[in-house]
Engineer: 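Take this structure, written in structure tokens, and hold onto it; I'll ask about it next.
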Amino acid sequence: MRQRLHLIIFIAMAVLLTVMLFTGCSTNKKSSSAEATRMLEEASDQRDDQRLLTLADSLAKAGDIRTGESHYWQGLAHYHKGDLSLAEFYWQESIDATANSDDATDLVYYAKSASYLSSMYCRYGEFAKTLQISLPVLKRLEQQECDTTSDYTNLVIFTGCCKAHFDKNDTTAVEMFEHAHKMHNENIRVNPTKDAYHDAVAGLINIAYGWNREGEYEKGLLWTERFGQFVSDYRERFGDDEKYIDKQWGRYKIFRAIALAGLGRLDEADSDYDDYQQTRFSKSMEGMTNSSDYLTIARRWDEALSCYSTITDYLYQEFGMYSLENIQRYMLKKYRANAMNGNNDSTNLAARQICEVLDSAITRARRIDAEGIQNIHKKDTEILQREIRSAELRKINFIILILGLIVAFTIFTIIRHRAAKRLAKVNAAKERMEGELNIARDIQKSMVPSTFPQREGLDMYASMTPAREVGGDLYSFLQKDDILYFCIGDVSGKGVPASLFMTQATRLFRTLASQDMDPAEIATHMNAELAEENEQGMFVTMFICRLNMKLHLLEYCNAGHNPPVLGNTDGQFSFLDMEEANAPIGLWPGLEYEGETIDYYKDRLMLLYTDGLNEAENASQEQFGEERIINILTSKPSANAQGIIEALEEEVALFRDGAEPNDDLTMLCLSLTI
């Protein structure tokens with residue numbers, strides 16, 4: 001009895017000591033965490049990116065900041081340095097690390113990382129990727145009642161820009177912009193600080209820029225005037241902030257000039273452009289870029305050409321080489337300005353310059369990507385080693401606390417017994433999951449036809465290879481007399497959820513096709529069904545066709561999918577030009593899809609595919625690319641549909657050279673000769 005009492009007392013003291021130890025650590029952590037964040041913000045404000053990287057890494061190792069915060073700051077530092085792939089990696093890591101956390105600090109950096117990543121994707125036209133990030137983050141922030149911050153408002157704006165890109169008449173995009181405007185006004189009314197104005201100006205600039213980029217100049221002018229009003233109010237309150245006022249007033253003038261030029265109001269546009277040139281901001285790199293955009297829209301080709309020449313000369317003097325981004329943003333525009341101005345010699349010279357620097361730019365991009373992968377691998381190794389050391393330290397502390405106690409062996413035995421039970425449960429769950437995956441795989445296989453239509457003059461073949469046990473790709477077809485429906489699609493996400501969504505999409509396609517609908521009607525009805533109560537935010541890109549084999553008439557609707565490859569009558573292959581920009585199916589209810597036609601489809605081959613083909617990667621993360629697809633098709637002029645698909649599968653396997661597939665691979669090939 002006495003021994004049992006002593007044991008109870010000893011265990012109680014050990015528990016009390018442990019609680020005191022962790023409580024003390026928690027108090028110290030809170031204090032050190034605030035100081036750590038202050039140091040990181042200071043390094044960021046000073047744009048000392050190397051110090052910011054070092055601090056974020058060392059403070060995380062010391063346990064002064066959480067993983068999500070560390071990854072956010074490292075992403076920001078790499079973004080400032082121009083290492084966009086590393087910035088993307090760390091922001092995505094930050095989102096993943098905080099996605100399921102209810103901690104207030106984690107939610108702050110969850111929103112910040114998502115806001116920056118969405119901004120980067122939106123800036124470079126990656127609208128589908130932007131939605132994949134912004135939609136679930138917005139939903140979670142609303143659930144956590146964290147929907148009043150500037151980062152939440154930014155995500156609303158980026159989501160609205162994507163909606164406006166896919167459908168310029170989408171009223172929800174306008175509603176989101178008005179909601180963001182209202183939030184900024186309210187924030188300034190309650191807290192009229194510099195930061196509040198900065199957030200409002202930056203948000204409305206994104207809206208105005210987005211409308212101008214889409215060619216909606218009336219809307220661009222409206223939102224330019226709105227952010228201009230914020231700048232005017234800021235100047236009245238904080239007139240001593242001359243550098244910021246000059247930059248934002250310059251943006252207001254050039255955005256207004258661009259919108260007016262797009263509307264054909266050239267006299268007003270020229271007046272605003274003259275005002276813009278009086279700002280210091282107009283002489284900066286960003287300012288000259290804005291000038292070149294305006295001069296191009298205004299068709300002032302000589303001035304645009306001079307502006308582009310100044311920019312490209314500066315880039316080379318400053319950096320010694322060109323990046324792919326600079327070639328696209330400046331040198332190609334310089335080439336176009338020469339061409340539109342009729343300067344044939346200068347046009348040819350610009351073309352030669354692009355050819356000369358393109359190879360070094362590609363090499364530089366590959367080197368940066370390779371260095372990024374190496375740094376990421378190094379970081380993962382350090383994290384693993386740190387976790388191992390932490391685990392060992394915890395084990396040592398635990399042994400010290402219970403050393404000398406007879407009960408230690410009993411506790412160890414109990415823990416081991418429980419671990420064995422947990423392992424048994426894990427194995428049972430794994431077996432159940434494998435069984436469910438087998439069922440899902442069988443269901444998916446049953447939804448994908450393997451016997452193709454047999455008709456004189458028709459040659460059709462398709463294949464689907466999931467990257468995992470089950471995938472999100474699909475293809476299907478339905479023949480009714482002389483009418484052949486066929487489609488291909490790619491569901492967002494991977495695994496069982498994508499497989500289930502794929503099964504539903506395939507069933508809907510076959511049901512609607514059996515009702516003699518045209519492709520645009522099929523897409524519209526599928527979207528109405530799949531967008532309803534779509535809490536997971538899943539969607540599917542699809543290319544849907546209806547071929548009248550008697551009249552040789554091909555109707556099609558592209559819902560956000562890769563354009564197919566089409567063989568021309570001269571035996572050459574090219575990607576099919578799309579006139580209609582339809583959104584993926586399942587994103588938003590109420591969309592009306594538009595279709596297109598090929599009036600005479602005969603003696604031509606069409607290849608439909610998912611991005612598992614052109615984005616297949618080897619061990620160096622180099623992509624298979626679209627040019628290889630064209631070259632392979634051109635090299636096999638007499639091959640049938642099955643031979644072409646098998647040749648492409650073989651080339652992809654050779655290209656990967658043992659690397660694991662990064663996405664599902666699905667292809668459908670079809671030709672009609674009679």
Side-chain angles (χ1 to χ4, degrees), residues 118 121 126-140 142 155 158-173 176 440 443-444 447-448 464 466 470-476 485-513 515 517-545 556-562 578 580-595 608 610-612 663-664 666:
S118 296
Y121 283 154
E126 297 281 357
F127 298 108
K129 284 187 175 181
T130 305
L131 291 175
Q132 284 183 301
I133 294 296
S134 65
L135 289 175
V137 173
L138 283 174
K139 182 177 179 180
R140 174 156 176 75
E142 290 164 358
L155 287 167
F158 297 138
T159 303
C161 288
C162 294
K163 287 177 175 285
H165 171 76
F166 286 119
D167 183 359
K168 297 177 184 178
N169 299 317
D170 189 351
T171 57
T172 59
M176 296 180 86
I443 293 173
Q444 186 176 30
M447 296 298 295
V448 177
M464 183 179 73
V470 291
D473 280 4
L474 65 94
Y475 74 82
S476 189
Y485 287 89
F486 59 96
C487 72
I488 195 167
D490 187 358
V491 176
S492 62
K494 299 288 185 296
V496 173
S499 174
L500 295 176
F501 199 86
M502 164 268 185
T503 302
Q504 189 178 10
T506 304
R507 176 184 59 79
L508 282 171
F509 165 78
R510 293 182 62 85
T511 300
L512 297 171
Q515 300 175 24
M517 294 185 181
D518 64 43
E521 290 175 319
I522 292 175
T524 300
H525 282 77
M526 287 184 67
N527 182 72
E529 180 72 15
L530 294 176
E532 184 177 359
E533 298 182 359
N534 184 7
E535 297 181 356
Q536 299 298 322
M538 299 189 72
F539 59 87
V540 57
T541 66
M542 290 190 72
F543 194 90
I544 305 172
C545 297
Y556 62 90
C557 176
N558 183 18
H561 198 73
N562 298 2
M578 298 294 169
E580 301 294 339
N582 294 306
I585 293 172
L587 279 175
W588 308 291
L591 296 182
E592 292 290 333
Y593 286 75
E594 300 291 335
L608 285 67
T610 61
D611 55 14
D663 203 353
D664 306 331
T666 302

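All values below were derived from every heavy atom in this structure, side-chain atoms included, with hydrogens, water molecules and symmetry-related copies excluded.
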Engineer: Going from CG on Asp611 to CG on Asn562, what distance comes out if it is rounded to the nearest 0.5 angstrom?
Structural biologist: 5.5 Å
Engineer: Between Ser476 and Thr506, do the side chains contain a donor N or O and an acceptor N or O under 3.5 Å apart?
Structural biologist: no
Engineer: If you apply the rule side chain to side chain contact (heavy atoms under 4.5 Å, CB included), what do you find for Asn534 with Phe539, and how did you get there?
Structural biologist: CA-CA 9 Å; Asn534 184 7; Phe539 59 87; 5.6 Å; no
Engineer: Hey, are the side chains of His525 and Leu508 touching, using non-hydrogen atoms and a 4.5 Å cut-off?
Structural biologist: no
Engineer: Do Leu135 and Leu587 come within less than 4.5 Å of each other through their side chains, counting heavy atoms only?
Structural biologist: yes
Engineer: Please name the pair of heavy atoms, one in Asn527 and one in Gly590, separated by the smallest distance, quoted to 0.1 Å.
Structural biologist: ND2-N, 4.1 Å
Engineer: Any chance the side chains of Asp490 and Thr610 put a donor and an acceptor closer than 3.5 Å?
Structural biologist: no
Engineer: Measure across Leu131 and Thr159 and return the closest heavy-atom pair with its distance rounded to 0.1 Å.
Structural biologist: CD2-CG2, 4.0 Å
Engineer: Taking the ring centre of each residue, are Tyr475 and Phe486 less than 6.0 Å apart?
Structural biologist: no
Engineer: After noting the C-alpha distance and the side-chain angles of Glu521 and Leu512, does the key distance pass the side chain to side chain contact (heavy atoms under 4.5 Å, CB included) rule?
Structural biologist: CA-CA 9 Å; Glu521 290 175 319; Leu512 297 171; over 6 Å; no
Engineer: Quick check for you: to the nearest 0.5 Å, what is the distance between Met517 atom CE and Met526 atom CE?
Structural biologist: 11.5 Å
Engineer: In a check of side-chain contact (heavy atoms from CB on, under 4.5 Å) between Phe509 and each of Ile585, Val540, Ile522, Leu474, which one passes?
Structural biologist: Ile522
Engineer: How far apart are the closest heavy atoms of Gln132 and Ser492, and which atoms are they?
Structural biologist: NE2-CB, 4.0 Å
Engineer: Taking CD in Glu535 as the centre, count heavy atoms belonging to other residues, nucleotides or ligands within less than 6.0 Å. Is the count above 12?
Structural biologist: no
Engineer: Can you name the nearest heavy-atom pair linking Ala520 to Tyr593, along with the distance?
Structural biologist: CB-O, 3.4 Å
Engineer: Report the relative orientation of the aromatic rings in Phe127 and His165; use parallel for angles under 30°, tilted for 30 to 60°, perpendicular for over 60°.
Structural biologist: parallel
Engineer: Hey, could you give me the CZ/CE distance between Phe501 and Met538, rounded to the nearest 0.5 Å?
Structural biologist: 6.0 Å
Engineer: In Å, rounded to the nearest 0.5 Å, how long is the span from CG of Asp170 to CG of Leu591?
Structural biologist: 6.5 Å
Engineer: So which heavy atom on Gly560 is nearest to which on Thr541, and how close?
Structural biologist: O-CG2, 3.3 Å
Engineer: What distance separates Asp518 CG from Cys545 SG, expressed to the nearest 0.5 Å?
Structural biologist: 12.0 Å
Engineer: Tell me if a side-chain donor or acceptor on Asn582 pairs with a main-chain N or O of Asn558 at a distance below 3.5 Å.
Structural biologist: yes
Engineer: How far does CG of Leu608 sit from CD1 of Ile488, to the nearest 0.5 angstrom?
Structural biologist: 5.5 Å
Engineer: Taking all atoms of both residues into account, what is the closest heavy-atom pair of Ala173 and Lys163, and its distance?
Structural biologist: CB-CB, 3.9 Å
